[in-house]
Amino acid sequence: MASESVGEITLSVVVPMYNEEAVIAGLVARLRPVLDGLHADYEVVAVDDGSRDATVALLTGQARDWPQLRIVRLRRNSGHQAALTAGLHRARGRWVVSLDADLQDPPETIVEMLRHARAGADVVYGVRGDRSTDTFFKRHTARAYYRLMRRIVGAEVPAQAGDFRMVSREVVQTLRQLPERAPVYRLLVPALGFSSAEVRYVREARYAGETKYPLPKMVALAWDSVANFSAAPLRLATWLGAGSFVACLALIVFGVVGHLRGATIPGWTSLFVAVLLFGGVQLVCLGLLGEYVGRIYATVQNRPTFHIGSDTADEPSAASEPQAVNGRPVAAARG
Ligand code: UDP
Ligand code: MG
């Protein structure tokens, strides 16, 4: 390998792989010419996410005559986003692009991504212009997902941008500093507000093998996405509490009126009123707790509340030149 230290390699390609034995030969055959054609230093970081098939053996075989291919093995299956995290921590490139192993995201797109990155974009999103090769179910669940996420996180989340994306070393550094337990990069990266560009591509069909994202994993990703970016589920308790408190007050009036008119048996009114009152008070208190838990959560996530794009004081020579700054405030956890 040309160099061993961080930042000296131009490009790292992170490829998470879980039981992808069927695609490896095809992936190498298509990815390698693209990367060799860049005429730049590169490395491919294949992250084996605890595969139980021949993935590692096949990768090891490929690495024998492709010295730029690195294999990072996770001890057990930890999920796509965790594999990406491992790749980001291990990658040494000036720019890092993440790519699915199944060739659904055409590697040729990397060339254009790198051009945008070199022109100054810190993040280059691969945006699926056409996903007609995906199943009906996948297309529609994905559309609903992106719509919901744009509402929760904000409009800076590009629709139909999955995990095919190139980021600069600065972005990697920022991401690595976040102590987030279950990062969802497709939302986290836009929320950091780095300057960005988009490259459109047509999503191809899976080259071989079958999807490693069955419904339970999709649901888990969607839940991580909501819970990472919004205290709305916690706030539900507050609203429910407030709602039932109002309902309780109305029922208390009903009970007392019944008592005054002598329409109830003795003891019922006091019991009824007490149950309602304490029920309502408890729900409100739960909601209140939720509000604080939400704030503690946001604090523990420790996302920056702002991100400096540039500061003329840091670059005195360039002070007079106009600069392309794209420093939007960060969308921190909010309801
Ligand atoms: N993947 C992984 N760990 C998992 C599930 C998936 O590393 O637990 C990898 C998988 O090998 C692939 C990428 O994540 O490279 C995306 O998975 P897949 O293509 O099956 O998802 P889909 O395109 O069907 O959403
Ligand atoms: Mg796929």
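Counting convention: from 1, in listed order, for ligands and their atoms alike. Just so we're clear, the structure is a prediction, and the values are computed from it rather than from any experiment.
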Which is closest to [atom] by heavy-atom distance: [options]?
atom	options	value
atom 22 (P) of ligand 1	Met218, Lys138, Lys212	Lys138
atom 14 (O) of ligand 1	His80, Lys217, Met17	His80
atom 17 (O) of ligand 1	Tyr18, Phe164, Tyr213, Tyr207	Tyr213

Answer with side chain, backbone, both or neither: which part of [X] has a heavy atom less than 4.0 angstrom from an atom of ligand 1?
X	value
Glu20	side chain
Asn77	side chain
Thr211	both

(message) Below 3.5 Å, N or O to N or O, backbone or side chain included: is there any such pair between Ala83 and ligand 1?
(response) no
(message) Side chain or backbone, does Glu210 bring an N or O within less than 3.5 Å of an N or O on ligand 1?
(response) no
Shortest non-hydrogen separation from [X] to [Y] and the atoms involved:
X	Y	result
Ser225	Val184	OG-CG1, 3.6 Å
Pro106	Glu204	CB-OE2, 3.6 Å
Pro16	Ala101	O-CB, 3.8 Å
Gln104	Asp102	OE1-OD2, 2.9 Å
Gly79	Asp49	N-OD2, 3.0 Å

Among protein heavy atoms, which lies nearest [atom], and at what distance?
atom	result
atom 3 (N) of ligand 1	Asp49 OD2, 2.5 Å
atom 15 (O) of ligand 1	Pro16 O, 2.7 Å
atom 18 (P) of ligand 1	Arg206 NH2, 3.5 Å
atom 16 (C) of ligand 1	Asp100 OD2, 3.3 Å
atom 19 (O) of ligand 1	Asp102 OD2, 2.6 Å
atom 23 (O) of ligand 1	Gln104 OE1, 2.6 Å

Does [X] use its side chain to pair, donor to acceptor, with the backbone of [Y] at less than 3.5 Å?
X	Y	answer
Ser195	Asp122	yes
Arg150	Val157	yes
Gln62	Ile24	no
Arg139	Asp134	yes
Ser78	Arg76	yes
Asn19	Arg52	yes
Arg70	Arg90	yes

(message) Suppose the cut-off is 2.8 Å; which protein N/O/S atoms would you list for the Mg ion (ligand 2)?
(response) Asp102 OD2, Gln104 OE1
(request) Can you establish whether the number of heavy atoms outside Arg176 located under 6.0 Å from its atom CZ is more than 12? (result) yes
(message) Give the atom numbers and elements of ligand 1 that come within less than 4.0 Å of a heavy atom of Ala101.
(response) 15 (O)
(message) Taking the basic N atoms (NZ, or NE/NH1/NH2) and the acidic carboxylate oxygens, is any pair closer than 4.0 Å for Glu112 and Arg200?
(response) no
(message) Tell me whether ligand 1 is touched by Arg203 - counting only heavy atoms on the residue side and a distance under 4.0 Å.
(response) yes
